[in-house]
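Following: one structure in structure tokens, then a few remarks.
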Amino acid sequence: MPGIGTLINMLTVLIGGTIGTIAGDRFPLRVREGVVQGVGLVTTIIGLSITLTALATLSEQGGFLTSYGIIIFAGSLIIGTLIGELLRLELWLERFGEVLSERVRKIPFFAQSRSGDEDPATATADMVEGFMASSLLFCVGAMTILGSIQDGLGNPQILFLKALLDGFMALFLASSLGAGVLLSIVPIFIVQGSIALLSFVIGAVVPEIAIIGIEVAGGALITAIGLNFLLSKRLPVGNMLPAIIIASALCWLLGS
């Protein structure tokens, strides 16, 4: 059934995030901070691996992509970030997260911040942080795009694998970032569901070279998410999202 992979993905994130939220309060702060650092390191390595593998694949394509793949990567990231900054995408994402958190914070399970502070502002900030980090991590990447396309065509195997990985990641994230991680099922439904529906209606239209472009920029954004966990300075990953579209379009255009 088209879309079953997206539903399973949402379910595993919901289960993993719930377990992590409940279990996270049972550990002292130093343990939760250690988990954040561990998740950050793993996420950074995964992102770097995706980008480096995609760049290596571009170098094997021949022509312009072989010689200038790294320039496409750098240019897409810089121009995409510039566009995102001008559009203030991160701000809109944060506001979306705040609207969601305000609606669900009336539920006792979501009412308290991960630090144990019951102040509404602190609880909202914690929830938005969890929502932003998990949403970008779960929705950015070639596995999301390719898996959703295949899901729409009736083959959910890639999303089943992604669901397993996301479920465990949601558990670890929620144990440190709190219940806001559970809200990421909303963008998962919107992004993956929309791609699966489009694929079901018009078929597989995205060529492999465009997906490689998604991996090139998407891996860099996943790396930035990992660095946000590791560093005190927060990188505006939301504002970098247009880089994925630019990199994919350039690879599609120059590789055809």
Side-chain angles (χ1 to χ4, degrees), residues 40 43-97 128-129 131-149 184 187-188 190-192 194-195 198-199 204-256:
T43 304
T44 301
I45 293 172
I46 290 173
L48 285 172
S49 175
I50 292 172
T51 292
L52 292 175
T53 301
L55 285 173
T57 304
L58 282 183
S59 69
E60 299 171 355
Q61 299 301 308
F64 191 89
L65 293 178
T66 296
S67 303
Y68 300 101
I70 190 68
I71 296 178
I72 292 173
F73 163 68
S76 299
L77 200 59
I78 294 171
I79 296 172
T81 302
L82 175 62
I83 293 172
E85 289 285 353
L86 292 174
L87 296 177
R88 306 184 72 181
L89 292 181
E90 179 120 333
L91 176 62
W92 290 109
L93 286 171
E94 288 178 352
R95 287 181 177 176
F96 180 60
V128 170
E129 182 181 356
F131 165 76
M132 288 281 290
S134 57
S135 296
L136 290 169
L137 184 59
F138 298 152
C139 294
V140 171
M143 186 175 283
T144 296
I145 307 298
L146 181 58
S148 299
I149 291 172
S184 64
I188 288 175
I190 294 173
V191 174
Q192 293 184 183
S194 298
I195 296 173
L198 186 62
S199 176
V205 295
V206 181
E208 183 179 355
I209 191 65
I211 294 175
I212 295 173
I214 293 171
E215 289 179 335
V216 167
L221 267 61
I222 291 174
T223 301
I225 294 170
L227 292 176
N228 280 344
F229 292 144
L230 293 172
L231 306 175
S232 56
K233 183 175 177 59
R234 190 168 181 273
L235 299 174
V237 183
N239 288 335
M240 301 177 183
L241 285 172
I244 297 177
I245 300 174
I246 294 173
S248 179
L250 286 176
C251 287
W252 190 344
L253 178 64
L254 298 175
S256 59

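- With hydrogens and angles disregarded, no donor-acceptor distance shorter than 3.5 Å links the side chain of Ser135 to the backbone of Pro187.
- The side-chain contact (heavy atoms from CB on, under 4.5 Å) test with Leu221 is passed by exactly one of Ile50, Leu235, Ile244: Ile244.
- Taking CD1 from Ile222 and CZ from Phe138, the interatomic distance works out to 11.0 Å, rounded to the nearest 0.5 Å.
- Listed here is the closest heavy atom pair of Pro242 and Gly238: CD-O, 4.5 Å.
- Of the inter-residue distances, the one linking Met240 atom CE with Ile225 atom CD1 reads 10.0 Å to the nearest 0.5 angstrom.
- A donor-acceptor distance shorter than 3.5 angstrom exists from the side chain of Asn239 to the backbone of Leu89, with no hydrogens or angles considered.
- Across every non-hydrogen atom of Ile72 and Leu254, the tightest pair is CD1-CD1, 3.7 Å.
- For the residue pair Phe73 and Ala220, the shortest heavy atom distance occurs at CE1-CB, 3.7 Å.
- Between atom OG1 of residue Thr51 and atom CG of residue Leu48 there is a gap of 7.0 Å, rounded to the nearest 0.5 Å.
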Start with the C-alpha gap between Gln192 and Thr144, add the side-chain angles, then the distance that decides, and say whether side chain to side chain contact (heavy atoms under 4.5 Å, CB included) holds.
CA-CA 7 Å; Gln192 293 184 183; Thr144 296; 3.7 Å; yes

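- How far CD1 of Ile79 is from CD1 of Ile246: 5.5 Å, rounded to the nearest 0.5 Å.
- Here the OG-CD distance, from Ser67 to Gln61, works out to 12.5 Å after rounding to the nearest 0.5 Å.
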Cys139 vs Ile188, test: side chain to side chain contact (heavy atoms under 4.5 Å, CB included). Steps then yes/no.
CA-CA 6 Å; Cys139 294; Ile188 288 175; 3.9 Å; yes

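- The minimum heavy-atom distance linking Ser134 with Ser184 is given by the pair OG-CB, 3.3 Å.
- Nearest heavy-atom pair across Ala247 and Ser76 is CA-OG, 3.3 Å.
- Put simply, the side chain of Glu90 reaches to within 4.5 Å of the side chain of Met132, judged on heavy atoms.
- In this structure, Ile245 CD1 and Trp252 CH2 are separated by 12.5 Å, a value rounded to the nearest 0.5 Å.
- Here the rule is side-chain contact (heavy atoms from CB on, under 4.5 Å) with Leu58, and of Thr53, Leu65, Thr66 only Leu65 fits it.
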Would you check, one step at a time, whether the test side chain to side chain contact (heavy atoms under 4.5 Å, CB included) holds for Leu241 with Leu136?
CA-CA 9 Å; Leu241 285 172; Leu136 290 169; 4.0 Å; yes

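- Ser199 places no side-chain N or O within 3.5 Å of a backbone atom of Ile195 that could act as its donor or acceptor partner.
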What do the steps show when you test Ile212 against Cys251 for side chain to side chain contact (heavy atoms under 4.5 Å, CB included), and what is the final call?
CA-CA 8 Å; Ile212 295 173; Cys251 287; 5.5 Å; no

